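Data block below; observations after.
In this text, all values refer to a predicted model and were calculated from it rather than measured experimentally. Atoms within each ligand, like the ligands themselves, are counted from 1 in listed order. Position 1 is the first residue of the sequence, and the numbers go up from there.
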Amino acid sequence: MTFPDWTPDDFRRHGYEVVDWIADYLARVEDLPVISRVEPGDIRAMLPPRAPEEAEPFDAVLADLDRVILPGITHWQHPGWFAYFPTGASPPSILGDLVSSGLGVVGFLWATSPAATELESQVLDWLVDLLDLPQGWKTTGPGGGVIQMSASDATHLAFVVARHRRHETPVEQMVVYASAEAHSSVVKGARVAGVRHVRPLAVDEELAIVPAAFEAAVVADLEVGRTPLAVVSTVGTTGTTAVDPVRPIGEIARRHRLWHHVDAAYAGTAMICPEFRHHQDGLELVDSYVFNPHKWMLTNFDCSAFWVADRRPLIDAMSIMPPYLRNAASESGQVIDYRDWHVPLGRRFRALKLWFVLRAYGAEAIRAMVRSHVELARGLAARLEADPRFELVAPVPFSLVTFRHVAGDRATDDLAAALNASGDVYVTPSHLDSGSFIRVSIGQRTTEARHVERLWQLIDDLAPPARSAG
Ligand SMILES: *Cc1c(COP(=O)(O)O)cnc(C)c1O
């Protein structure tokens, strides 16, 4: 050895210790307070100012996981996690990530590890069938799927491809359209792509895009010489899981040559169950689509699945071939080189964890999980609706419940703060023009009826009567 490295046996011993540590963590996470209670700077204050010059025993490192790191962890895998959206995490996925690290390959070209590319293509083709996406999106058709780091990257990429396709047009004239309720990554992605104009579109009472408002905005921009570039339909907005009407938006987009991107970051997972697919009717009128297995499909961050209906404009926009990357397989045209499907060159073998998840659980178990979360959400929504102290803010098409206290913003904000101070649950306080509300997102792998029951008990105990001054 050229330096004092670990032997394979050192790795084996410490590896077992780490797996034991994670298994113990998963077994006890429910007993920890969901939200970390440290103050800013507390964690750094426990860390030495300089990196060690000498090797430390690994036991000391592991001990510091408990002493230093855990107090600063907010437990996304706690069954009382009702904040934001869930983070996908599961034992098979953790092990898939471990194997990816163990192999340590960087599969930017097919030739740099054929299995990394071919497994990714195959697993994303499987998902086309599992979510009933258009068959042409498979890598065996004109389209294809690729794993991106995040939905934000995918949406940014869609704009870059749309912009490249219209490269004869000055970027200053280009306009992107999305619901006023769309995720912040739309505005950010447009900004990073150099597109200055983002039109927030009017929404109806269910917070979905009004197609006529979209077309009117496009026509108004055309009249002043701008170039409508792309539109985003969100299936399951972050605020309230509102669903934009994909088909009419797609028809308008076709008429005016806009790129049509669908952001189903959270709700895409539900499409594994046929009963939710009507929410994305019209996908044959879509140019690109993203959903996050790392949200609701049991797969650890990062794993964002992105498809294009036609891969040529994507590769046109992303492919640059320097001499040192030339190789016979690429030149044969018979392989996919995923470096041409996103911005970075290097890429991790992320398909492994998705493959582990799909095989270790099977689609039926994932459907059962989705249905149980949706059922729990509907049960909670029904209780809130039946109680005169509360009103629902939006429909519950998936497993996010949004509600407020009828006494007003103060009562609603105070209730959210009191719930989160309990240590047992974590909800997200949010705000619309109509006022404050509370988001309860049910989707953590281990969340069962008893955890939602505990949440309801807390809501019931902590909420003031309906007539209390707000
Ligand atoms: C969570 C979310 C995103 C962002 O996902 P990242 O993968 O973290 O970038 C984008 N869009 C919607 C609708 C989301 O809910």
Check: F306 ring centroid to W341 ring centroid under 6.0 Å
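Aromatic pair excluded; centres sit 6.0 Å or further apart.
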May I ask you to decide whether D129 forms a salt bridge with K138, counting only side-chain N to carboxylate O separations under 4.0 Å?
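K138 and D129: salt-bridged.
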Does any pair with a residue in residues 199-211 pass salt bridge (charged side-chain N to carboxylate O under 4.0 Å, His left out), and if so which ones, sequence neighbours excluded?
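Output for this query lists R199-D221.
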Side-chain donor/acceptor of R347 to backbone N/O of I147, under 3.5 Å
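Yes; judged by distance alone, with no hydrogens or angles, the pair exists.
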According to side-chain contact (heavy atoms from CB on, under 4.5 Å), who are the partners of W76, at least two apart in sequence or on a separate chain?
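Result, side-chain contact (heavy atoms from CB on, under 4.5 Å) vs W76: W81, Y84, T87.
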Once side-chain contact (heavy atoms from CB on, under 4.5 Å) is applied, do any residues pair with P79, and if so which ones, sequence neighbours excluded?
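P79 satisfies side-chain contact (heavy atoms from CB on, under 4.5 Å) with E30, T446, T447, H451 only.
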Can you produce the list of protein nitrogen or oxygen atoms under 3.5 Å from a nitrogen or oxygen of ligand 1, alongside each distance?
unit_1   : atom_1 : unit_2 : atom_2 : d
ligand 1 : 5 (O)  : N292   : ND2    : 3.4
ligand 1 : 7 (O)  : A151   : N      : 2.8
ligand 1 : 7 (O)  : N292   : ND2    : 2.9
ligand 1 : 7 (O)  : H294   : NE2    : 3.2
ligand 1 : 9 (O)  : S150   : OG     : 3.4
ligand 1 : 9 (O)  : A151   : N      : 3.4
ligand 1 : 9 (O)  : S152   : N      : 2.9
ligand 1 : 9 (O)  : S152   : OG     : 2.5
ligand 1 : 11 (N) : D263   : OD1    : 3.2
ligand 1 : 11 (N) : D263   : OD2    : 2.6
ligand 1 : 15 (O) : T238   : OG1    : 3.0
ligand 1 : 15 (O) : K295   : NZ     : 2.9

